[in-house]
A.B. asks: 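Here's a structure for you.
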Amino acid sequence: MSEGIDAITMPKWGLAMTEGMVAEWHMSSGDRYSRGDEIADIETAKITNALEATKPGLMRRIVVEPDEMVPVGALLAVAAEESVSDEAIDAFVTEFQSNFVPPGTEESSGPVFEHATLSDGRSVRYLRQGTTGGATIVLVHGFGGDLNSWMFNQPALAEQFDVVALDLPGHGGSSKDVGAGDVAAMSQAVAEFLEAIGVRAAHFVGHSLGGACALHLALTSPARVASATLVCPAGLGPDINMEFVAGYIDARRPRQLRPVLELLFHEPGLVSRDMIDDVLKFKRLDGVPEALATIAGAAFAGGRQSHVMTEKLGGLTVPAQAIWGLSDHIVPAPDEAAEFDGLTVHRLEETGHSVHMEAPSKVNALITEFITAASG
Amino acid sequence: MAKKSMRQAINEALASEMRRDPRVVIMGEDISGGMGAPGEDDAWGGPLGVTKGLMPEFGRGRVLDTPITESAFVGAAAGAAASGLRPVAELMFVDFMGVCFDQIFNQAAKFRYMFGGKAVTPLVIRTMFGAGLRAASQHSQCLYPIFTHIPGLKVVIPSSAYEAKGLLIQAIRDDDPVIFFEHKAMYDDEAEVPDEAYTIPFGEANITREGDNVTVVAFGRMVQLANQVADKLAKDGIECTVIDPRTTSPLDEDTILEEVEATGRLVIVDEASPRCNMATDISALVAQRAFGALKAPIRMVTPPHTPVPFAGDLEDLYIPKPEQIEAAIREIAA
Amino acid sequence: MQLNRDDLLKAYRQMKTIRVFEERVHDEFATGDIPGFVHLYAGEEASAVGICLHLNDNDYIASTHRGHGHCIAKGCDVKGMMSEIFGRADGLCGGKGGSMHIADLSRGMMGANGIVGGGPPLVCGAALSAKTLGTGGVAIAFVGDGASNQGTTFEAMNLAKVWDLPAIFVVEDNGYAEATSSSWSVSGDAVKRAAGFDIPAQRVDGHDFFAVNEVAREAIERARSGGGPSVLHVKLNRYFGHFEGDAMTYRAPDETAKLRQEKDCLTLFRGRVSEAGLLEDAQFDEIDRDVDALIDEAVSGARAAPVPGAQDLLTDVYVSY
């Protein structure tokens with residue numbers, strides 16, 4: 001709107017989000033900040049997370065007070081250099097507010113889930129967002145997750161890339177038949193899914209079990225994999241926290257599930273009641289308990305990972321990186337000393353297994369840089 | 001997940017179970033409508049449109065309109081359940097139990113026990129209850145305590161569209177007779193409801209709010225009111241735990257007792273008449289098993305001991321209101 | 001269907017079993033060892049057996065408080081029944097039902113019923129199951145002249161007709177609802193009432209096994225072939241009181257003695273069959289001996305059987321809870 005003035009607005013995290021509130025401001029008027037700095041904590045029904053600066057700036061005006069529920073896109077604050085007068089900022093705010101139309105509920109449903117059918121008739125739900133013509137990224141979630149796990153990543157990556165997030169079999173809105181339920185079977189389903197939607201090769205970003213799938217495909221079908229980003233991946237060691245896997249499967253009530261989900265994060269406070277309810281709702285769907293048990297039995301038999309690919313890394317022919325939260329309680333981050341052939345490992349402090357949710361800006365930046373370089 | 005009304009959630013539950021199991025049939029007065037009449041087929045889909053569209057999909061053989069003879073068709077549903085079908089009968093208003101109760105409590109409820117454990121009676125009776133629609137004394141009652149009193153019956157009271165779908169699918173898959181209470185003022189209430197089938201187990205209370213100061217137990221539509229009040233009071237520093245038991249039989253006694261032991265304070269919100277209702281039942285439970293934990297008297301928020309009045313201003317006075325719930329909580333929260 | 005020798009033997013054996021069972025329960029009740037209420041079917045045997053002879057395990061019946069005869073005719077285990085009446089753990093219902101609730105769903109016996117008029121709606125359901133699941137089965141509600149006045153019976157007849165169900169309503173009119181004569185309590189009669197529902201109906205002498213068997217055959221064939229419900233009005237008599245302990249002061253002093261002498265369905269059956277030269281006396285006598293032995297065994301077995309224990313009190317309320 002106005003030159004040199006940046007509107008900081010209520011972000012949209014995930015398709016379901018229509019409104020949110022500032023839980024706490026981390027800066028006040030006059031503070032200078034860098035890219036990645038936390039501007040405020042935003043609380044939504046689903047999750048509380050930090051709103052990070054996407055570029056450096058100077059905070060000039062806080063518009064919304066804490067605890068005030070505002071729609072997605074609403075003006076939260078204004079940033080501008082000293083050269084911009086207070087009057088200009090006043091005018092900017094006035095103009096913004098008079099033009100702002102909160103998204104209606106229909107409008108906010110915006111991008112819609114699609115479904116692809118595999119050769120065996122199973123249905124895979126996915127969400128495709130982003131830039132046509134950009135390199136294609138496929139986001140593969142982990143055990144018990146779904147495509148919404150990428151709510152802080154997919155919209156950001158979509159600004160530059162063509163981003164497909166899918167629900168693995170047994171998860172989200174996909175068919176609940178997981179076949180053998182092991183890493184090979186899940187990887188095969190991902191490969192078939194990409195064929196079904198006409199994607200020949202893609203940059204893979206896989207979290208946890210999804211990371212193992214990405215690595216498995218990079219090793220066995222390198223033609224499909226332009227690059228692999230493994231976020232706290234399974235498949236690089238035998239360790240897996242069965243307290244999480246079994247707890248996730250067994251928990252029937254919020255009080256049982258909360259401590260289990262807290263294992264996913266460095267900061268347990270990130271686990272909201274809505275996040276817990278969403279998981280419980282997922283677990284109540286027909287076929288889900290069986291699907292999760294099958295996967296756990298196949299991929300984590302006897303409390304250890306069944307499909308470890310560390311020895312095979314030498315055969316990697318595509319660019320690959322790993323991003324690990326140092327407080328990962330599920331698949332522990334490897335020691336500094338550990339070396340993996342052909343794999344750059346980034347270790348992020350004060351983040352847990354869901355590092356892509358806890359430090360989305362850093363993870364998104366690592367992915368963007370890596371894919372940009374790999375696309376050369 | 002899309003927002004759906006409770007009407008749609010119940011319709012989806014019925015449709016999904018009828019697709020899944022050919023033994024599931026539904027029956028009731030005008031659940032399709034227009035039988036023998038010159039106008040449209042599927043004219044009503046139930047008096048409030050809950051079963052609309054099921055007859056065109058499943059046919060008259062599985063969507064059975066009945067004459068207005070509750071004894072005959074509720075009894076038929078019981079007999080059908082004991083002989084291989086999984087019927088869902090709609091007792092239009094629970095107030096009509098008066099003309100068919102024998103078939104429910106002397107027949108269906110007792111088959112299994114009287115027959116030495118050899119009978120399986122997978123019967124669901126869906127029924128409308130509750131005040132608020134100016135339907136007066138014979139169409140507005142909350143008679144679930146009467147059914148809760150009968151061994152052999154299970155009693156379910158969903159508090160939202162989401163709960164309704166999962167609990168109804170559970171009810172249809174359950175092998176015991178289940179009375180499923182639908183609050184008639186909630187059919188348009190919306191919630192996020194998955195398209196897929198899912199089940200919510202019986203006897204597991206839902207803690208909808210967590211707080212340290214006061215435990216509130218509420219049923220059906222009263223859960224919504226209790227949640228509103230809890231949200232409001234949280235801003236004043238009074239933190240409430242709100243429990244939706246979901247089923248009154250079986251009743252999740254453990255959750256209620258645990259929460260009362262944690263807060264020491266209990267308010268029960270029950271839209272049923274105040275004598276021998278769920279509020280008195282739970283009060284007795286807590287008095288017997290958590291007496292030592294109580295820091296204040298138990299408070300019950302219920303209607304008065306009168307029939308449900310017709311006139312709007314009287315009915316509004318009759319139904320428990322958020323202000324009453326708030327006052328009860330504040331009174332003992334100190 | 002012409003009855004063959006095996007059918008006749010089976011019919012006689014069942015009627016005789018009912019008779020001896022009931023006479024024996026009468027005697028055993030007098031010892032004080034049978035708890036609760038007992039209502040005996042003696043005298044009415046030709047009705048239950050004449051009708052149930054056409055049925056198989058796919059077919060359902062719902063009975064009344066006077067249910068022992070229907071149970072035996074539908075194939076319930078006689079020893080299990082006797083144990084149940086004595087309230088024993090090995091009874092057909094584990095001692096939890098008793099005389100008024102004997103049932104065996106595996107035999108299509110949906111239960112005697114403590115509620116007068118409780119059965120007809122249930123039978124609509126069993127008939128609906130048969131129709132929906134395509135089992136080819138029929139369902140029969142037995143009611144007395146008392147229950148013939150209950151609203152549930154009329155509602156069920158109407159529903160059976162409206163839904164076109166393979167259901168049959170058998171009014172066993174023994175002349176008394178408890179201590180009240182049906183000549184006073186029943187206005188009109190069952191056949192005329194059925195006409196009001198547009199349901200075919202027949203009246204039949206319930207002492208005459210062959211007459212009952214024949215009208216039942218027509219009704220059951222109609223139901224099996226999709227012809228909808230029927231009503232049978234069976235006129236008969238009971239030899240004992242409404243319940244055991246009923247002094248029957250409302251009956252004429254010599255009424256039952258006379259009935260036993262002139263209208264005994266067993267005597268009539270034996271006479272007809274012997275006259276026609278279809279069965280020999282020796283065959284009847286052999287059945288009589290078998291039945292006496294069976295009932296002796298049933299009573300001694302029941303008396304020796306364990307009673308249910310405290311562990312049985314809380315079970316069988318729900319499939320799961």
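Just so it is clear: chains get the letters A, B, ... in the order the sequence lines come, proteins before strands, and each one is counted from 1.
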A.B. asks: Does the side chain of C/H39 pick up a donor-acceptor pair with the side chain of C/S99 at under 3.5 Å?
C.D. replies: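 There is no such pair (donor and acceptor under 3.5 Å, judged by atom type) between the side chains of C/H39 and C/S99.
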A.B. asks: May I have the step-by-step check of side-chain hydrogen bond (donor to acceptor under 3.5 Å, both in side chains) for C/R107 and C/N56, ending in yes or no?
C.D. replies: CA-CA 8 Å; C/R107 285 294 164 88; C/N56 57 57; over 6 Å; no
A.B. asks: Please determine, by modelled atom types, if B/D270 and B/N277 share a side-chain donor-acceptor pair under 3.5 angstrom.
C.D. replies: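 The answer is yes; a qualifying pair exists.
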A.B. asks: So B/S249 and C/Y321, side-chain hydrogen bond (donor to acceptor under 3.5 Å, both in side chains) or not? Walk me through it.
C.D. replies: CA-CA 8 Å; B/S249 178; C/Y321 195 62; 2.5 Å; yes
A.B. asks: Could you have a look at C/T153, C/L313, C/I102 and say which one has the most heavy-atom pairs with chain B under 4.5 angstrom?
C.D. replies: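 Max contact count across the listed options: C/L313.
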A.B. asks: Based on non-hydrogen pairs under 4.5 Å, which of C/V162, C/T152, C/I115 is most in contact with chain B?
C.D. replies: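 The residue among C/V162, C/T152, C/I115 with the greatest pair count is C/I115.
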A.B. asks: Ignoring hydrogens, what is the shortest heavy-atom contact between C/R66 and C/Y41? Give both atom names and the distance.
C.D. replies: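 The pair with the smallest heavy-atom distance is O-CD1, 3.6 Å.
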A.B. asks: For chain C, find which of B/V120, B/T247, B/L64 contributes the most heavy-atom pairs closer than 4.5 angstrom.
C.D. replies: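 That would be B/L64.
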A.B. asks: Using non-hydrogen atoms and a 4.5 Å limit, figure out which bit of C/Y318 sits close to chain B: side chain, backbone, both or neither.
C.D. replies: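 Answer is both: backbone and side chain atoms of C/Y318 are under 4.5 Å from chain B.
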A.B. asks: Please classify the contact between C/V317 and chain B as side chain, backbone, both or neither, with a heavy-atom cut-off of under 4.5 Å.
C.D. replies: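 Answer is both: backbone and side chain atoms of C/V317 are under 4.5 Å from chain B.
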A.B. asks: May I ask you to decide if the ring planes of B/F101 and B/F105 are parallel, tilted or perpendicular, using 30° and 60° as cut-offs?
C.D. replies: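 Plane angle under 30°, so parallel.
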A.B. asks: Is B/D21 salt-bridged to B/R23, cutoff N-O under 4.0 Å?
C.D. replies: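 Result for this pair is yes, salt bridge flagged.
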A.B. asks: Between B/G61, B/S71, B/G117, which shows the greatest number of heavy-atom pairs under 4.5 Å with chain C?
C.D. replies: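 Greatest number of close heavy-atom pairs with chain C: B/S71.
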A.B. asks: Heavy-atom pairs under 4.5 Å with chain B are the metric here; pick the option from C/G119, C/G117, C/A126, C/C124 that has the most.
C.D. replies: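 Highest number of heavy-atom pairs under 4.5 Å: C/A126.
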A.B. asks: Which answer fits B/M35, side chain, backbone, both or neither, if we ask what part of it has an atom under 4.5 Å from a heavy atom of chain C?
C.D. replies: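 Contact with chain C is absent: no heavy atom of B/M35 under 4.5 Å.
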A.B. asks: Do side-chain atoms of B/E259 reach the backbone of B/I243 as a donor and acceptor pair under 3.5 angstrom?
C.D. replies: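 No, the answer is negative, given that no donor and acceptor are paired below the 3.5 Å cut-off.
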A.B. asks: Which atoms of B/F115 come close to chain C, meaning under 4.5 Å heavy atom to heavy atom: side chain ones, backbone ones, both, or neither?
C.D. replies: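 When you check distances to chain C, atoms from both the backbone and side chain of B/F115 fall under 4.5 Å.
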A.B. asks: Report which part of B/V25 has an atom under 4.5 Å of a heavy atom belonging to chain C: side chain, backbone, both, or neither.
C.D. replies: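 Just its side chain gets close to chain C.
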A.B. asks: Between C/A130, C/A139, C/A103, which residue shows the highest count of heavy-atom pairs closer than 4.5 Å to chain B?
C.D. replies: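 Most heavy-atom pairs within the cutoff with chain B belong to C/A103.
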A.B. asks: Measuring heavy-atom distances to chain B, does C/L128 have an atom under 4.5 Å in its side chain, in its backbone, in both, or in neither?
C.D. replies: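 Backbone plus side chain of C/L128, per the 4.5 Å heavy-atom cut-off to chain B.
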A.B. asks: Any side-chain donor-acceptor pair under 3.5 Å between C/K96 and C/T315?
C.D. replies: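 Yes, because at least one side-chain N or O of C/K96 sits under 3.5 Å from a partner of the opposite role on C/T315.
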A.B. asks: Is C/D312 close to chain B through its backbone or its side chain, or both, or neither, when contacts mean heavy atoms under 4.5 Å?
C.D. replies: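 Interface part for C/D312: backbone (N, CA, C, O).
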A.B. asks: Let me know if B/D102 has heavy atoms under 4.5 Å from chain C in its side chain, its backbone, both or neither.
C.D. replies: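 Answer is side chain: those atoms of B/D102 sit under 4.5 Å from chain C.
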A.B. asks: Heavy-atom distances under 4.5 Å only: say whether B/I150 touches chain C with side chain, backbone, both or neither.
C.D. replies: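 Contact with chain C: backbone only.
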A.B. asks: Tell me, side chain or backbone of B/K154 under 4.5 Å from chain C's heavy atoms, or both, or neither?
C.D. replies: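 For B/K154, heavy atoms of backbone and side chain both lie under 4.5 Å from chain C.
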A.B. asks: Could you tell me which portion of B/F73 (side chain, backbone, both or neither) has an atom closer than 4.5 angstrom to a non-hydrogen atom of chain C?
C.D. replies: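 For B/F73, backbone and side chain are both near chain C.
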A.B. asks: Mind checking whether C/F142 and C/H70 have parallel, tilted or perpendicular rings, split at 30° and 60°?
C.D. replies: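 C/F142 and C/H70: parallel rings.
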